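Just so you know, these numbers come straight off a predicted model, no measurement behind them. Each ligand, and each atom within it, is numbered from 1 in the order the structure gives.
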Amino acid sequence: MKILLLVHSFNSLSQRLHVELREAGHQLSVEFDINDAVTAEAVGLFQPELIIAPFLKQPIPPSIWRETPCLIIHPGPPGDRGPSALDWAILDNRVEWGVTVLQANEVMDGGPVWAFETFPMRTTTKGSLYRQEVTEAAVVATCRAIEAITTGHAKPTPQSQLPLTKTHREQPLIRQQQREINWQQDDQQGLLRKIRSADGSPGLLDTLFGRPYYLFNAHPEPSLKGRAGEIIARSGPAICRATCDDKAIWIGRLKKHGDASSFKLSATQLLADDLSAVPEVPHSLESQSGYPAIHYQQIENVGLLHFSFYNGAMGTRQCQQLQQALQQAKERNTQAILLLGGPDYWSNGMDLNQIEAAPSPADASWENIQAMDELALEIITTQHQLTISALQGNAGAGGVFLARASDWLWARRGVILNPHYKDMGNLYGSEYWSYLLPHYCGAEQAAAITQSRLPMGVQEGQRIGLVDDAFESHRDLFISRALRKAVALTRQPGFTTLIHEKQQRRTADETKRPLASYREEELEKMRMNFFGFDPSYHIARYNFIHKIPKSRTPVTLATHRRVSPS
Ligand code: COA
């Protein structure tokens with residue numbers, strides 16, 4: 001089918017559908033919902049048989065849905081309507097939620113239902129639910145809807161005829177007052193629920209040191225306690241605030257309220273001047289104390305490094321900490337090291353927010369890319385252990401190449417990779433990608449990947465050699481299977497030969513062309529990106545951080561807008 005994805009932005013769900021529907025053999029194009037005229041123009045140019053709207057902020061004009069079937073993906077079960085579906089689901093402590101694929105008509109979210117899926121709710125943020133459960137359910141339901149449409153046997157069911165409709169209804173746009181925090185009354189779990197219902201966007205409004213901030217990235221603290229509302233500790237990027245039930249929570253990210261140009265930064269960075277008297281809790285790798293960004297476990301002779309950096313962003317400090325953690329893992333009695341990333345993201349490369357906030361973003365970018373490179377080098381030059389990047393969550397830009405620095409790259413089914421930098425103002429990229437990508441995928445593929453700027457699924461990743469193995473859709477099952485596979489690798493009789501071969505390969509590669517030479521060449525180009533005359537990277541980063549809506553759809557996505565060579 002010719003399918004047009006009509007989206008407010010090409011977000012994680014839209015990327016996943018793009019990947020899945022391409023894999024299923026459909027012809028895809030994408031248009032951003034800039035205005036009705038642009039949408040109509042896209043439909044005229046592409047002539048889709050079907051329009052799918054995974055993430056829209058404005059209704060599709062009737063002139064379009066009357067002519068072409070339009071499927072709306074709503075992140076709620078049948079009957080649920082409104083723009084804050086997941087926020088309400090978390091606040092209302094729902095045990096089960098769903099995704100509905102309905103046909104657009106004159107009633108917003110009220111059209112007949114082609115398919116729906118339900119899933120058990122997980123205690124997590126809105127963003128995480130969206131990127132995992134909602135995305136998985138949306139893919140299944142959308143594929144089922146497309147099948148029903150193509151076979152032509154089924155018709156969509158009016159919402160009133162579906163049993164779930166009775167327990168769900170239209171919910172209004174949520175306001176800050178409806179989840180306002182009261183530190184004297186809300187217990188730890190209630191507070192976490194409120195903050196998580198607004199994380200990633202818009203954040204939960206609160207007051208800290210007499211100033212208003214939006215809160216994000218909240219975690220329970222297992223043992224510290226204090227007077228309700230008091231800031232009792234800090235650790236890494238996070239502050240710890242006591243709750244009224246003799247417990248406490250960590251808050252990792254804040255955004256200033258009332259300043260349109262503000263963006264998320266670490267809590268300790270934004271409150272630096274206020275925290276001098278607040279005690280610091282060191283976070284040790286194996287203990288649960290402090291803010292849990294990096295955690296180490298060892299099972300048999302396999303080291304498991306979990307690193308869950310907010311939004312997968314790896315600033316200079318995070319890269320250095322992870323490098324140290326990896327060094328420590330190597331010094332232990334380990335034969336394999338699993339680099340597990342976090343539940344939502346493995347890595348999205350340099351921390352662009354932190355760079356944007358620095359007095360000199362060019363200098364901060366330079367420092368950050370050096371730290372990323374040092375970490376990549378630490379992985380590539382691991383001599384005595386097998387390194388395995390096990391991606392439970394998505395990876396983008398330098399994060400993908402950092403993952404490829406390991407001997408093996410395994411990914412959970414459904415993970416999306418964006419192995420390219422060019423969308424960030426033609427950034428050249430580093431992390432030894434110019435060594436790694438041709439090595440695993442061949443020079444021709446490497447060029448195609450970096451130019452195409454498209455999201456990639458794990459099946460395609462496997463076909464081209466970027467991904468070595470992909471298994472399990474469920475995150476917990478993925479981790480336990482990755483661990484079993486890693487243990488089996490270390491137990492096999494040929495393990496010593498594997499290590500020996502790996503060392504020989506590295507020595508041969510180094511003789512052919514030293515790693516330092518790849519790095520030097522990459523960084524020469526990056527220096528131009530950061531310090532040169534062309535400001536594209538700085539402009540692209542500014543637009544990305546400040547979420548400036550795109551004024552047109554890039555032709556890499558809007559295939560219908562490509563001018564064919566005459
Ligand atoms: N630094 C800081 N924040 C980042 C980030 C980075 N490198 N990558 C993603 N984020 C943030 C986004 O700003 C967004 O923040 P929000 O919670 O305030 O909305 C959140 O992570 C989710 O990102 P989003 O773009 O909505 O996710 P996605 O799944 O739709 O897209 C990517 C994933 C990787 C394609 C996209 O995030 C991206 O292009 N990131 C930048 C990658 C990059 O250029 N890194 C630097 C070069 S190494």
Which residues pass the ring pair (Phe, Tyr, Trp, His ring centres under 6.0 Å) test with F32, sequence neighbours left out? none
Side chain to side chain donor-acceptor pair (under 3.5 Å) with R317: which residues, sequence neighbours excluded? none
Enumerate, one pair per line, all nitrogen or oxygen atoms of ligand 1 lying under 3.5 Å from a protein nitrogen or oxygen, stating the separation to 0.1 Å; write 'none' if no such pair exists.
from     : atom 1 : to   : atom 2 : distance (Å)
ligand 1 : 1 (N)  : M350 : O      : 3.3
ligand 1 : 1 (N)  : L352 : N      : 2.9
ligand 1 : 3 (N)  : N353 : OD1    : 3.4
ligand 1 : 7 (N)  : N348 : O      : 3.0
ligand 1 : 7 (N)  : M350 : O      : 2.7
ligand 1 : 15 (O) : N311 : ND2    : 3.2
ligand 1 : 17 (O) : K264 : NZ     : 2.7
ligand 1 : 17 (O) : N311 : ND2    : 3.1
ligand 1 : 18 (O) : K264 : NZ     : 2.9
ligand 1 : 18 (O) : K547 : NZ     : 3.3
ligand 1 : 19 (O) : K547 : NZ     : 3.1
ligand 1 : 21 (O) : N311 : OD1    : 3.4
ligand 1 : 21 (O) : N311 : ND2    : 3.2
ligand 1 : 27 (O) : Y345 : OH     : 3.3
ligand 1 : 29 (O) : Y345 : OH     : 3.4
ligand 1 : 30 (O) : S12  : N      : 3.2
ligand 1 : 30 (O) : Q15  : NE2    : 3.4
ligand 1 : 31 (O) : Q15  : NE2    : 3.4
ligand 1 : 45 (N) : N348 : O      : 3.1

Paired with D87, the side chain to side chain donor-acceptor pair (under 3.5 Å) test is passed by just one of R179, K194, R196, namely R179
R519/E374 salt bridge by N-O under 4.0 Å criterion: yes
Should we count CZ of R463 as having more than 12 external heavy atoms under 6.0 Å? yes
With sequence neighbours left out, the residues meeting side chain to side chain donor-acceptor pair (under 3.5 Å) with T559 are S29
